[in-house]
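So the structure is just underneath, and the comments pick up after that.
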Amino acid sequence: MIKLVRGFKDILPADTALWQYVETTLRELLEDFGFAELRIPILEQTELFARSIGANTDIVEKEMYTFADRKGDSLTLRPEATASVVRAYIQHKLYAKDPVWKLYTIGPMFRRERPQKGRYRQFYQINAEVFGLHDPRADAELILLLMTFMRRLELSGIVLHINSLGCPECRPRFKESLKSFLADRSEQLCSDCLGRRDKNPLRIFDCKVPSCKESMQDAPSILDYLCHACQNHFFTVKEILDRFNIPYEINHSLVRGLDYYTRTTFEALAGALGAQDAVAGGGRYDGLVKALGGPDQPGVGFAVGVDRLTELLAGRAQGLEKRPDIFIAAIGERAQDIAFQWVQDFRLQGVRAEIDFENRSLKSQMRRADKFGASYVLIAGDRELDSKAAVLRNMTTKEQKEIPIQDLIGLVVNTIKTSITGSE
RNA sequence: GUGGGUGUAGCUCAGAUGGUAGAGCACCGGGUUGUGGCCCCGGCGGUCGAGGGUUCAAGUCCCUUCACUCACCCCA
């Protein structure tokens, strides 16, 4: 048997309703916030990711699905979406019409990591990106959007972490003092962190090795090194979150793995998920557009992990599945033939109708109708055809009434539609 | 890439010391003339992850391998 590739997964019908629910909920919210959808390819030139994410990040160094196409170009299945959105913003000169754009995109990402709970080699993200705005209200608005979304999904236990990583003005000063802090601490650091010390010292804040954590206790905090502009920016973001009653924790060790972040970074964490607990993350990337060859326009964005979100909502799939409004139980060839016509007629009227082609006993068909959760069953056999009236059974009240075959569709559709609106 | 755990029916799992593969759920059918859920009865369904070895005999013991899973790492 051919099985799916390691780390990939099928999303089966039992779960797709939940996925659709998550996607449409966020989609509607994004559009209320003024975002427009952008659809981008999942394949890009490798260089795009190397230059945006950072050549010496783990993602680029060892997690990308990269291959040479037949012409020899190096292509990569995207490990994240922001780089592509920025590429599109630049390539189509969107900034020329207006530097400010609010864009969202939905789709799969690919990273070749070791799979585990909440981590797949193909995973789905919904990305929101804002271009052209330096104003901290843009950052805050995104966080507001994200947390409103979490609230709308009725997710509790989501913790928001925020931090500021400074800018090219102030971050180098912090890095220097961090380096000198680490210089005489080689014994306390784990082997991974010793490597990070040169490449990307900020990452040491993320390390979970106890001795590293301990020695980082007295490490300098980026927040003490922010320049005036960055301080004010961060202050305003916090102020807005306070004003809108969005609780948050300042986490000065929240550095995030992608090189392009500046100033605000944030993550939404769900404790219930296990080790892979980030359901959303994002931040500001003011230098990225320019670094990729575009104009000097700032950007802010976030990504939501749909796999992890649906995992959190797993218990809530019941109410979401679609049940037929009506099941037609037809007994005998003649009835089956007419019933087949009826099902199609119902469907054209917007009524969810189902039928069984097997011509089984009425009992079987009733069981089937019940299994599907049909609200009504229309019973038709020789008896009904002769008397020119089929039987409509309400499956919850068990009430049955005869419906003249002449105007059957209209009468039944009417009954169903009024019963739906009446019950809500 | 590194560790731990687990692979028996579609699903959840039993099968001490080796001796002809089980249950519940699900599915299909039946329980007198054409009416669902509950209940009762019956049926379908497994090369016990794969390959090799030990043995008269292996789901069970040994080796190899693969997959899944959790954690490290990294991150959505």
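Numbered from 1 within each chain, the chains take letters A, B, ... in sequence-line order.
In this structure, A:Thr57 OG1 and A:Lys62 NZ are separated by 10.0 Å, a value rounded to the nearest 0.5 Å.
Here B:C38 sits opposite no nucleotide as a Watson-Crick or G-U wobble pair (both hydrogen-bonding atom distances under 3.5 Å). In this structure, B:C11 forms a base pair with B:G24, meeting either the Watson-Crick or the G-U wobble geometry with both donor-acceptor distances under 3.5 Å. Using N1 to N3 plus N6-O4 or O6-N4 for Watson-Crick, or N1-O2 and O6-N3 for G-U wobble, each under 3.5 Å, B:C68 pairs with B:G5. With a 3.5 Å ceiling on both atom-pair distances, the Watson-Crick or G-U wobble partner of B:G19 is B:C56.
Ring geometry for A:Phe8 against A:Phe110 counts as tilted: the plane angle lies between 30° and 60°, on a 0 to 90° scale.
Within the 4.0 angstrom heavy-atom criterion, no nucleotide atom of any strand lies near A:Ala369. Across all strands, A:Tyr120 comes closer than 4.0 Å to base atoms (heavy-atom distances). The residue A:Gly274 sits close only to the backbone: its heavy atoms come under 4.0 Å of sugar-phosphate atoms, none of a base.
A search for ring-ring contact (aromatic ring centres under 6.0 Å, His included) contacts involving A:Phe234 returns nothing, not counting sequence neighbours. The ring-ring contact (aromatic ring centres under 6.0 Å, His included) check on A:Phe131 picks up A:Tyr89, with sequence neighbours excluded. With sequence neighbours left out, the ring-ring contact (aromatic ring centres under 6.0 Å, His included) criterion links A:Phe244 to no other residue.
For A:Gln45, the CD atom sits in a loose shell: 12 or fewer heavy atoms of surrounding residues, nucleotides or ligands are nearer than 6.0 Å. Residue A:Glu47 qualifies as open at atom CD: its count of foreign heavy atoms under 6.0 Å is 12 or below. At most 12 heavy atoms of other shown residues, nucleotides or ligands fall within 6.0 angstrom of atom NZ in A:Lys290.
We find that NZ of A:Lys62 is positioned 12 Å from C1' of B:C72, with the value rounded to whole Å. Between the C1' atom of B:A76 and the CZ atom of A:Arg119 lies a distance of 11 Å, rounded to the nearest Å. Separating the CG atom of A:Asp277 from the P atom of B:C73 is a distance of 12 Å, rounded to the nearest angstrom. Whole-Å rounding puts the A:Arg78 CZ to B:C75 C1' distance at 16 Å.
Every pair passing salt bridge (charged side-chain N to carboxylate O under 4.0 Å, His left out) that includes a residue from residues 262-283 of chain A is listed here, sequence neighbours excluded: A:Arg256-A:Glu267. Among residues at least two apart or in separate chains, salt bridge (charged side-chain N to carboxylate O under 4.0 Å, His left out) pairs with a member in residues 351-371 of chain A are A:Arg347-A:Glu354, A:Asp356-A:Arg360, A:Asp356-A:Arg368. A side chain to side chain donor-acceptor pair (under 3.5 Å) check over residues 143-163 of chain A, counting only residues at least two apart or in different chains, returns the pairs A:His161-A:Glu249, A:His161-A:Asn251.
Checking the phosphate oxygens (OP1, OP2) of B:G29, a side-chain nitrogen or oxygen of A:Ser364 falls inside 4.0 Å. The phosphate of B:G29 has OP1 or OP2 within less than 4.0 Å of a side-chain N or O from A:Arg360. The phosphate of B:C75 (OP1 or OP2) has no side-chain N or O of A:Gln276 nearer than 4.0 angstrom. In terms of phosphate contacts, A:Ser361 brings no side-chain nitrogen or oxygen within less than 4.0 Å of OP1 or OP2 of B:G34.
With a glycosidic angle no more than 90° from 0, B:A16 adopts the syn conformation.
B:U69 and B:C61 have their P atoms separated by 25 Å, given to the nearest Å. Between B:C68 and B:C62, the two C1' atoms lie 24 Å apart (nearest whole Å). Using C1' as the reference atom, B:C48 and B:U8 are 4 Å apart when rounded to the nearest Å. Rounded to whole Å, the P atom of B:C13 lies 38 Å from the corresponding atom of B:U32. When the C1' atom is used for both B:G45 and B:G22, the distance is 13 Å, rounded to whole Å. The separation of B:G36 from B:C75, taken at their C1' atoms, amounts to 49 Å, rounded to a whole angstrom. Distance check on atom C1': B:U33 versus B:C44 gives 29 Å, rounded to whole Å. Comparing the P positions of B:G51 and B:G59 gives a spacing of 12 Å, expressed to the nearest Å.
Between A:Glu399 and A:Arg393, no side-chain nitrogen of the basic residue sits less than 4.0 Å from a carboxylate oxygen of the acidic one, so the salt-bridge criterion is not met. A:Arg27 has no carboxylate O lying under 4.0 Å from a charged side-chain N of A:Glu23, or vice versa, which leaves the two without a salt bridge. In this structure, A:Glu141 pairs ionically with A:Lys102, as a charged nitrogen and a carboxylate oxygen lie closer than 4.0 Å.
Between A:Tyr285 and A:Tyr260, the ring centre distance stays below 6.0 Å.
Taking a 4.0 Å limit (strictly below) on heavy-atom distances, residues 331-346 of chain A reaches RNA chain B at A:Ile331. Heavy-atom distances under 4.0 Å link RNA chain B to no residue of residues 31-47 of chain A.
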If you restrict it to nitrogen or oxygen atoms, what contacts under 3.5 Å exist between nucleotides 35-41 of chain B and the protein, and what is each distance?
{"residue": "B:U35", "atom": "O2", "partner": "A:Arg393", "partner atom": "NH1", "Å": "3.4"}
{"residue": "B:U35", "atom": "O2", "partner": "A:Gln400", "partner atom": "OE1", "Å": "2.9"}
{"residue": "B:U35", "atom": "N3", "partner": "A:Gln400", "partner atom": "OE1", "Å": "2.9"}
{"residue": "B:U35", "atom": "N3", "partner": "A:Gln400", "partner atom": "NE2", "Å": "3.4"}
{"residue": "B:U35", "atom": "O4", "partner": "A:Gln400", "partner atom": "NE2", "Å": "3.4"}
{"residue": "B:G36", "atom": "O2'", "partner": "A:Asp370", "partner atom": "OD2", "Å": "3.1"}
{"residue": "B:G36", "atom": "N7", "partner": "A:Arg393", "partner atom": "NH2", "Å": "2.9"}
{"residue": "B:G36", "atom": "O6", "partner": "A:Arg393", "partner atom": "NH2", "Å": "2.7"}
{"residue": "B:G36", "atom": "N1", "partner": "A:Met395", "partner atom": "O", "Å": "2.5"}
{"residue": "B:G36", "atom": "N2", "partner": "A:Asp370", "partner atom": "OD1", "Å": "3.1"}
{"residue": "B:G36", "atom": "N2", "partner": "A:Met395", "partner atom": "O", "Å": "3.1"}
{"residue": "B:G36", "atom": "N3", "partner": "A:Asp370", "partner atom": "OD1", "Å": "3.2"}
{"residue": "B:G37", "atom": "O4'", "partner": "A:Asp370", "partner atom": "OD2", "Å": "2.9"}
{"residue": "B:G37", "atom": "O6", "partner": "A:Lys398", "partner atom": "NZ", "Å": "2.8"}

Below 3.5 Å between N/O atoms, which protein atoms pair up with nucleotides 42-51 of chain B? Just atom names and distances, please.
none

Table of protein N/O atoms under 3.5 Å from nucleotides 4-9 of chain B N/O atoms:
none

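Across the interface with RNA chain B, nearest-nucleotide mapping of A:Ala278 and A:Arg112 shows A:Arg112 to be the residue nearer the 5′ end.
Both thresholds, 5.5 Å between centres and 30° between ring planes, are not jointly met by A:Tyr124 relative to the base of B:A76, so the two rings are not stacked.
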Show every donor-acceptor pair shorter than 3.5 Å between a side-chain atom in residues 379-386 of chain A and any protein atom, with sequence neighbours excluded, or say none if there are none.
{"residue": "A:Glu384", "atom": "OE1", "partner": "A:Gly381", "partner atom": "N", "Å": "2.7"}
{"residue": "A:Asp386", "atom": "OD1", "partner": "A:Arg334", "partner atom": "NH2", "Å": "3.3"}

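When atom types are taken as modelled, the side chain of A:Asp307 and the backbone of A:Tyr124 share a donor-acceptor pair closer than 3.5 angstrom.
Side-chain contact between A:Pro220 and A:Leu178 is present, with at least one heavy-atom pair separated by less than 4.5 Å.
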Would you check, one step at a time, whether the test salt bridge (charged side-chain N to carboxylate O under 4.0 Å, His left out) holds for A:Glu113 with A:Arg121? CA-CA 6 Å; A:Glu113 303 174 89; A:Arg121 290 180 172 181; over 6 Å; no

